[in-house]
There are 2 protein chains.
Amino acid sequence: MTTQSGHNAELEEGLSFAPRFDAAGLVTCVATDAQSGDVLMVAHMNDEALRRTIETGDAWYYSRSRKKLWRKGETSGHVQRVVEMRTDCDQDAVWIRVTQAGAACHTGRHSCFYRVVKGENGDAKLIFADADRAFDPGKVYK
Amino acid sequence: MTTQSGHNAELEEGLSFAPRFDAAGLVTCVATDAQSGDVLMVAHMNDEALRRTIETGDAWYYSRSRKKLWRKGETSGHVQRVVEMRTDCDQDAVWIRVTQAGAACHTGRHSCFYRVVKGENGDAKLIFADADRAFDPGKVYK
């Protein structure tokens with residue numbers, strides 16, 4: 001069922017969860033801190049990661065660089081408990097609100113988004129913000 | 001400069017904005033409501049969209065389906081004024097906190113994430129939440 005504008009009504013208005021995986025079999029996942037609302041990280045899930053996340057309530061992802069499924073925190077202990085999962089209009093992304101143990105970023109920061117992008121004379125530079133480390137990555141990842 | 005674990009120190013700890021575009025020349029962009037913290041949408045930016053967003057303070061995206069650059073709200077009037085832009089540790093995603101005019105979703109909802117994913121007996125279904133329409137898409141997109 002396609003609407004006038006080419007949108008798929010079932011996908012957008014239906015109650016079936018029908019994730020639209022990309023060519024690599026992935027959807028984008030945004031994880032936010034359930035308390036502060038801060039974006040913690042942007043990562044990817046394949047079908048299996050989605051299934052395990054929904055079943056267990058722990059966030060599972062698919063690592064494109066390591067080409068493997070991983071449970072967030074399996075090495076560091078910094079697991080994410082999922083408070084709520086949502087999907088977007090065209091079902092190619094999910095948003096999870098999580099309770100983050102420790103810190104989300106492998107650099108030791110609470111969020112991966114610890115640098116602000118600032119425009120300056122037609123150029124852009126980065127400024128650190130919320131960049132304190134919650135843990136020492138050298139000690140956590142051996 | 002690569003750290004022990006294969007991470008790139010300049011990319012993660014430097015002050016140069018060096019977005020890592022994917023094979024299609026895109027980075028992922030998460031837009032959240034600067035007031036509520038809600039995730040409004042997940043979309044993509046190419047180099048030009050990033051540049052224009054930083055220069056003008058309006059959110060510009062690259063549409064993968066329409067294969068064109070677009071200023072959010074150019075048809076609907078529902079522009080996004082950027083309060084802050086951040087990038088993540090490996091610089092393949094940006095997070096913008098925006099003041100959203102009208103509503104972000106083309107379906108008329110404030111956010112594209114108007115359905116909750118609920119696990120049920122090993123399956124998953126969707127439940128509408130925050131699904132009231134702020135505008136009638138049939139009237140806005142003619």
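Throughout, a chain's letter reflects where its sequence line sits, starting with A, and its residues are numbered from 1.
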Select one option (side chain, backbone, both, neither) describing which atoms of [X] are under 4.5 Å from chain A's heavy atoms.
X: B:Val30; value: side chain
X: B:Asp38; value: both
X: B:Ala129; value: both
X: B:Thr87; value: both

* Considering only heavy atoms from C-beta outward, does the side chain of A:Phe17 approach that of B:Asp123 to under 4.5 Å? ->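 Not touching, per the 4.5 Å side-chain cut-off.
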* Side chain to side chain, A:Leu50 and A:Val94, heavy atoms closer than 4.5 Å ->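 Yes, close enough: below the 4.5 Å cut-off.
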* Asked: Between A:Asp22 and A:His44, does any side-chain donor sit less than 3.5 Å from a side-chain acceptor?
  ->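 Judged by distance alone, the side chains do not pair up.
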Out of [options], which one racks up the most heavy-atom pairs below 4.5 Å with chain A?
options: B:Val42, B:Ile54, B:Val39; value: B:Val39
options: B:Cys112, B:Ser36, B:Gly122, B:Gly37; value: B:Cys112
options: B:Asp92, B:Ile96, B:Leu11, B:Ile127; value: B:Leu11
options: B:Ser16, B:Cys89, B:Gly119; value: B:Cys89

* Got a sec, which residues hit salt bridge (Lys or Arg N to Asp or Glu O under 4.0 Å) with B:Lys118, two or more places apart in sequence or on another chain? ->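 B:Lys118 satisfies salt bridge (Lys or Arg N to Asp or Glu O under 4.0 Å) with no residue once adjacent residues are dropped.
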* Sequence neighbours left out, what passes ring-ring contact (aromatic ring centres under 6.0 Å, His included) with B:Trp60? Give chain and number order. =>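 Once residues adjacent in sequence are excluded, B:Trp60 has no partner under the ring-ring contact (aromatic ring centres under 6.0 Å, His included) criterion.
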* To the nearest 0.5 Å, tell me how far A:Met45 CE sits from A:Cys29 SG. =>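 A:Met45 CE to A:Cys29 SG: 3.5 Å, rounded to 0.5 Å.
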Top residue by heavy-atom pair count (under 4.5 Å) with chain B, among [options]?
options: A:Arg97, A:Lys125, A:Met41, A:Gln91; value: A:Gln91
options: A:Ala124, A:Ser111, A:Gly138; value: A:Ala124
options: A:Gly57, A:Ala18, A:Ala93; value: A:Ala93

* Is a salt bridge present between B:Arg115 and B:Asp130, judged by a nitrogen-to-oxygen distance below 4.0 Å? ->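 Answer for the salt bridge query: no.
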* Asked: Between A:Lys68 and A:Glu74, is there a salt bridge with N-O shorter than 4.0 Å?
  ->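 Yes.
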* Above 12 or not: heavy atoms from other molecules or residues under 6.0 Å from CD of A:Gln35? ->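 Not buried by this count: 12 neighbours or fewer within 6.0 Å.
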* Should we count CG of A:Asp132 as having more than 12 external heavy atoms under 6.0 Å? ->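 No.
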* Can you pull out the residues in residues 76-85 of chain B with any heavy atom less than 4.5 Å from chain A? ->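 Within residues 76-85 of chain B, the residues under 4.5 Å from chain A are B:Glu84, B:Met85.
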* Could you list the residues that satisfy side-chain contact (heavy atoms from CB on, under 4.5 Å) with A:Arg133, not counting sequence neighbours? =>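 Listed in chain order: A:Thr107, A:Arg109, A:Pro137, B:Glu13.
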